[in-house]
Amino acid sequence: METKKDLLDNLELRSENVQDILTQPPHWMIRWGNSLILVILGMIILMSYFIKYPEFIPASIIVTSQNPPEKLEARINSKIEKIFIKNQQEVKKNEVLMVLQSTANYQDVLKLKNLVDSISPNQIFSFPINETSRFKLGELQNDYNIFAKAFRDEKLFTRLQPYGPENLAANQGISEYKGRISTLRQQKNLEFAKYELSKKNYQRSQDLFNQGVIAAMELENEKIKFLQAQQNLENINISLSQMAEGISNLNKSKSGASINTEKDKITYSSQTLQLFEQLRKSLKDWEQNYLLISSTDGIASFQQFWGENQFIKSGDAVLSILPKDKAAVVGRMQVPSTNSGKIAQGQKVLIKLDNFRYQEFGIVEGKVENISLTPDKDGNYYVDVILPKGLKTSYNKTLPFDKELKGNAEIVTQDLRLIERFFYQIRKLLGYQV
């Protein structure tokens, strides 16, 4: 029996191609293939070191002016009573644009507000209370009535002068007392002269009595006359003292009346002023709730189609005012906290606007001006972007700016080498394993 070795020895290779391959030496590709692969791999690694790929942080952006458009929102649920402007109309600062329905007549309220604003606190007495008493003020009526009552009370107090009669009576009493005092002083001079004469007569009588010239009765009569003159003089002094006290009391009464007059005057005045300011505040609150007023010169743009008697809800954006003084155009970004630590001032920002497709108009380039220090409640950071070239795009087209422009932007934080990115992934995997 033939063994396995004998069978292999007797095997014939019938394919000439196979015989050619087995008998021909290896090609150079096979001999140097490994070296070539190593060279190519080395070139790839070398290129990955020199080639840099920028890292982007995407976020939404709003391009606006440094004086951003003013957005007016409804503060209450109500219907539109009057619209004074048309869409895209130029408006002035402090111009009333729209009125919402209330229980008051808005024309009367506006007249009252103009009157209140035109009167300073020290000119309240010039308030035309008779003219305003006919106004229909709705929810403001109670505040107005309280002020009007205080205003009339103060005017009535000023006109009637309730403490005037008391002052007049005190002045008359003081005048009478002074006249009587003048008379008493003249009488006192006469009584003093009588007193001196009585005193001298009494002293003479005393000497004569001591000499035995007159009787004791005559001395006693002279003494009685002297004592009467002395008593009359003392009575006049007492009367003068009483009249001086009366004048003092009248002065006190007069001073008290003056104090009460000034006290009540201050009370009425302060109450009127306080209620006047309360009315001013109520008018301001009514204005904020029911009036839409422009705070700048610009172009008014409706946020949607509005008409009179149309219902509007609190918080609805009614219209916006694009300021005429647009100043420089800037960008406002809200960047999530992811990779926000890599954002630095001066980094390039590539802006793609929704209003103008970047494939057709190009990309607007900006720079990071600053970033907020702390995030908002949603964890986003605010980034301010300046546009050195304005709205000039990469296609040398200048985009028109007549409203806020929304879009997406990418902040170029740093250029990383490809090999660095590769090793970052390796290091991350190793970190996960650890």
**Message:** Closer than 3.5 angstrom, by distance alone: can the side chain of Gln310 be matched with the main-chain N or O of Gly307 as a donor-acceptor pair?
**Reply:** yes

**Asked** Is any side-chain heavy atom of Ile146 closer than 4.5 Å to a side-chain heavy atom of Asn142?
**Response** yes

**Message:** Just so I know, are the side chains of Lys367 and Gln347 near enough to count as touching, which here means a heavy-atom distance under 4.5 Å?
**Reply:** no

**Prompt:** Can you name the nearest heavy-atom pair linking Ala150 to Thr272, along with the distance?
**Reply:** O-OG1, 3.3 Å

**Request:** Decide whether Asp143 and Ser282 meet the rule of one side-chain donor and one side-chain acceptor closer than 3.5 Å.
**Result:** yes

**Request:** Check whether any side-chain N or O of Glu131 sits under 3.5 Å from a backbone N or O of Pro128 as a donor-acceptor pair, and report yes or no.
**Result:** no

Using atom types as modelled, flag every donor-acceptor pair under 3.5 Å from a side chain in residues 214-234 to any protein atom, sequence neighbours excluded.
unit_1	atom_1	unit_2	atom_2	d
Asn221	ND2	Met217	O	3.3
Asn232	ND2	Gln228	O	3.2

**Request:** Decide yes or no for Ile411 and Val368: does some side-chain heavy atom of the first lie under 4.5 Å from some side-chain heavy atom of the second?
**Result:** yes

**Request:** Give a yes/no verdict on a cation-pi contact between Lys79 and Phe311, requiring under 6.0 Å between NZ or CZ and the six-membered ring centre and an angle within 45° of the axis.
**Result:** no

**Asked** With side chains defined as the heavy atoms from C-beta onward, is the minimum distance between Leu319 and Ile321 less than 4.5 Å?
**Response** yes

**Request:** Could you go through the side-chain contact (heavy atoms from CB on, under 4.5 Å) check for Leu353 and Tyr358 one step at a time?
**Result:** CA-CA 7 Å; Leu353 298 174; Tyr358 73 93; over 6 Å; no

**Message:** Using a 3.5 Å distance criterion without hydrogens, assess whether the side chain of Ser248 forms a donor-acceptor pair with backbone atoms of Ala244.
**Reply:** no

**Prompt:** Quick one: are Phe356 and Glu360 in side-chain contact, heavy atoms under 4.5 Å?
**Reply:** no

**Working for ring-ring contact (aromatic ring centres under 6.0 Å, His included), residues Phe151 and Phe276** = CA-CA 9 Å; Phe151 179 83; Phe276 180 76; 9.0 Å; no

**Prompt:** Is the ring centre of Tyr144 less than 6.0 Å from the ring centre of Phe135?
**Reply:** no

**Request:** Could you please spell out the steps behind the side-chain contact (heavy atoms from CB on, under 4.5 Å) verdict for Phe127 and Thr132?
**Result:** CA-CA 9 Å; Phe127 188 87; Thr132 59; 3.4 Å; yes

**Prompt:** Centre of Phe125's six-membered ring, under 6.0 Å away, within 45 degrees of the axis: is that where NZ or CZ of Lys155 sits?
**Reply:** yes

**Request:** State whether the number of non-hydrogen atoms from other residues, nucleotides or ligands found under 6.0 Å of Glu245 atom CD is greater than 12.
**Result:** no

**Asked** Is any side-chain heavy atom of Met333 less than 4.5 Å from a side-chain heavy atom of Val349?
**Response** yes

**Message:** What I'd like to find out is whether the side chain of Phe157 reaches to under 4.5 Å of the side chain of Lys265, using heavy atoms alone.
**Reply:** yes

**Under 3.5 Å: donor-acceptor pair, side chain of Asp108, backbone of Asn105** = no

**Any Ile363 side-chain heavy atom under 4.5 Å of Tyr395 side chain** = no

**Request:** Run the numbers on Gln101 and Asn309 for side-chain hydrogen bond (donor to acceptor under 3.5 Å, both in side chains), then give the verdict.
**Result:** CA-CA 8 Å; Gln101 285 185 1; Asn309 295 320; 3.1 Å; yes

**Prompt:** Looking just at side-chain N and O atoms, do Thr103 and Glu139 make a donor-acceptor pair shorter than 3.5 Å?
**Reply:** yes

**Prompt:** So Ser133 and Arg152, side-chain contact (heavy atoms from CB on, under 4.5 Å) or not? Walk me through it.
**Reply:** CA-CA 12 Å; Ser133 60; Arg152 290 191 177 97; 4.2 Å; yes

**Request:** Report the C-alpha distance between Ile312 and Asn77 in whole Å, list the side-chain angles of each, state the deciding distance to 0.1 Å, and finish with yes or no for side-chain contact (heavy atoms from CB on, under 4.5 Å).
**Result:** CA-CA 6 Å; Ile312 189 170; Asn77 298 327; over 6 Å; no

**Prompt:** So, Gln211 side chain and Leu208 main chain: donor-acceptor pair closer than 3.5 Å or not?
**Reply:** no

**Request:** Locate the shortest heavy-atom distance separating Tyr106 from Lys82; write the atom from each residue and the value.
**Result:** OH-CG, 3.9 Å

**Prompt:** Any salt bridge between Glu277 and Arg280, counting N to O under 4.0 Å?
**Reply:** yes

Side-chain donor-acceptor contacts of residues 379-390 below 3.5 Å, not counting sequence neighbours, with atom names and distances?
unit_1	atom_1	unit_2	atom_2	d
Tyr382	OH	Gln334	NE2	3.0
Asp384	OD1	Arg332	NH1	3.1

**Item:** Asn408 (side chain) donor-acceptor with Lys352 (main chain) under 3.5 angstrom
**Value:** no

**Prompt:** With no hydrogens and no angle check, is any side-chain donor or acceptor of Asn289 less than 3.5 Å from a backbone partner on Asp285?
**Reply:** yes

**Prompt:** Just by distance, do the side chain of Trp306 and the backbone of Val318 share a donor-acceptor pair under 3.5 Å?
**Reply:** yes

**Message:** Between Asn145 and Gln141, is there a side-chain donor-acceptor contact under 3.5 Å, judged purely by atom types and distance?
**Reply:** yes

**Asked** Looking only at atom types and distance, does a side-chain atom of Gln242 sit under 3.5 Å from a main-chain N or O of Ser239, one as donor and one as acceptor?
**Response** no

**Message:** Any side-chain to backbone donor/acceptor pair from Glu90 onto Ile299? Under 3.5 Å, distance only.
**Reply:** no

**Message:** Quick check: closest heavy atoms across Ile371 and Ser340, and the distance to 0.1 Å?
**Reply:** CD1-O, 4.2 Å

**Item:** Minimal non-hydrogen separation, Arg75 against Gln288, with atom names
**Value:** CD-O, 2.8 Å

**Fill in**
On a heavy-atom basis, the closest approach of Val109 and Ala104 is CG2-CB, 3.6 Å

**Request:** Determine the minimum heavy-atom distance between Leu405 and Pro400, stating which atoms define it.
**Result:** CD1-O, 4.4 Å

**Asked** Which residue, Val91, Leu72, Ile85, forms the side chain to side chain contact (heavy atoms under 4.5 Å, CB included) with Ser294?
**Response** Val91

**Message:** Checking Lys113 now: which residues fulfil salt bridge (charged side-chain N to carboxylate O under 4.0 Å, His left out) with it, not counting sequence neighbours?
**Reply:** Asp117, Glu287

